[in-house]
Each structure stands twice: as C-alpha cells, then as structure tokens.
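Read the structure below first, then the notes.
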Amino acid sequence: MPAPSSPPPASSHPSGLHPRPVRLVALATGAVAALLVAAACTPVTGPGGPSASATSSASAPLPAPTESLLTESPDSHSSVGSLADGFPVDLVPVPDGAEVLVSSAARAGDTDLWDVSLNLRTAQDAAGLVDVFRQHLVAAGFVETAPEHAEPGLAAQATFSRSDGAEILVLGVLDRDGVRTMTLGGRVRVGS
C-alpha cells in the first residue's frame, strides 16, 4: 500500500496564499480518491496462492514471506494504527469506534502550518462520518466547499478551508461491503 501523500507545498506567492485554490482542491481531491482506491484494493488469491494475473512474468517479483511491506512506523512523522505525535486531534478528531490505519503530522518548513493526514476505517455511514468532521471544522472557522467534480467511486467527499486558503483539508470516503475507509489530508495551523 503506498504511503499517504501530503498536500502540495505552500505557494511561493508573496502573501503565502494559493493563487488558484480551486486547482489545489481539485488536485488534492484527486490524490485522496487515488489513495482511497489503492487502499481498498486487495490481491486475489486462490488455493494455489496469487491469481494467474498476479504471477505473470511481466509482474514485479513478490516479496519473500519474511519481508515486511509496512513497517511499524514508516517515518518519524507517521504512525501506523495510532495518531502520530503532534496530530491535531482537537481539530481533527477520531470518531468513536473508528480504527486509525495511518496518520501523519509534520511541520511545513519554517511556517506555523502542519501537513497532516489521517486514514481510518469505520462502520459509521458516510454522511455521518463527514458530519463528525464538518461539525469540528466549521466550529473552528473552516468553510466547506462542494467539490467542483465528484470523484467516481467515492461515497462522500468534502473540502474545508480557512485563512484565505492557507489552511485546507480534503476528505474522501470509500464505501465497500458495509465498511467505510476515510482519508483526510491537508495543511492546518495546529492549536488555532
């Protein structure tokens, strides 16, 4: 499974604002959708192991059984199965009953902004899941904007921004077999 991607770096625009927030939202939404689809994929196996298509001569070699595909902690800013150090849980809470898959929190250069991401799995319905984040983010001064184009395959998606676009969070929910996988990522000021 690929590591969660972080949002694009801050603009070099003198004010620190993104001159094209709509394009940033579209790019971030596309990245969230791609991550959700990739996270939901599982290999096809049968009694003899991986399917024939997975073992074709053109495919990459499979790792040895002793090789680990996912480390306990991918890097110093990420955490598998729990919240990363510095993750702004007061702004981006983990809903009751949700399982944290991967999270990250890292200062964005020499700024007061942090790049954050959260991937979780839950049985909560998609609308209710988005509403948990909506309530916290709107109460903190974020404004929700509807995506310009709905990403196919997502049960729900939303974008939240404040500080004239300097802070932005993009959320996407994949619904498969009664379980929701949610990915949220972006850049925020921690403690504000």
Side-chain angles (χ1 to χ4, degrees), residues 2-36 39 70-122 124 128-145 147 156-173 180-192:
S5 62
S6 60
S11 169
S12 61
H13 192 270
S15 68
L17 302 179
H18 299 284
R20 296 184 188 153
V22 173
R23 183 177 176 143
L24 174 64
V25 169
L27 290 172
T29 302
V32 167
L35 182 59
L36 284 171
L70 188 61
T71 61
E72 277 295 313
S73 183
D75 63 44
S76 63
H77 304 293
S78 300
S79 181
V80 176
S82 63
L83 293 175
D85 289 339
F87 189 86
V89 71
D90 54 330
L91 183 63
V92 183
V94 175
D96 291 338
E99 173 191 4
V100 174
L101 302 173
V102 179
S103 67
S104 68
R107 184 174 297 278
D110 293 333
T111 71
D112 62 345
L113 295 169
W114 284 67
D115 292 325
V116 298
S117 68
L118 175 64
N119 297 311
L120 57 82
R121 182 173 29 230
T122 182
Q124 185 173 15
L129 184 58
V130 172
D131 198 48
V132 167
F133 295 99
R134 177 181 292 123
Q135 288 177 15
H136 279 83
L137 294 171
V138 169
F142 281 78
V143 175
E144 182 177 3
T145 54
Q157 63 189 76
T159 301
F160 301 91
S161 65
R162 71 177 176 185
S163 306
D164 294 324
E167 296 176 89
I168 188 166
L169 290 169
V170 178
L171 178 150
V173 180
R180 259 66 54 207
T181 304
M182 191 272 318
T183 296
L184 178 142
R187 188 167 277 186
V188 296
R189 285 188 176 92
V190 176
S192 60

Has [X] got a side-chain atom pairing as donor or acceptor with [Y]'s backbone, closer than 3.5 angstrom?
X: S78; Y: S104; result: no
X: S103; Y: L118; result: no
X: R162; Y: E167; result: no

Can you see which heavy atom on [X] is nearest to which on [Y], and at what distance?
X: S82; Y: V100; result: O-CG1, 3.5 Å
X: L91; Y: H136; result: O-CB, 3.7 Å
X: D115; Y: A108; result: OD2-CB, 3.9 Å
X: R121; Y: L101; result: NH2-CD2, 3.3 Å
X: L129; Y: P95; result: CD1-CG, 3.7 Å
X: M182; Y: F133; result: CE-CZ, 3.7 Å

Q) Do other residues, nucleotides or ligands put more than 12 heavy atoms under 6.0 Å from D112 CG? A) yes
Q.
Between I168 and T159, is there a side-chain heavy-atom distance shorter than 4.5 Å?
A.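 A side-chain contact exists here, since the closest heavy-atom pair is under 4.5 Å.
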Q) Got a second to check how far L171's CG is from L137's CG, nearest 0.5 Å? A)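 Nearest 0.5 Å value for the CG-CG distance: 8.5 Å.
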Q) When rounded to the nearest 0.5 angstrom, what is the spacing between CD in E144 and CZ in F160? A)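 If we round to the nearest 0.5 Å, E144:CD and F160:CZ are 4.0 Å apart.
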Q: Give the intermediate values and the outcome of side-chain contact (heavy atoms from CB on, under 4.5 Å) for residues V132 and D96.
A: CA-CA 10 Å; V132 167; D96 291 338; over 6 Å; no
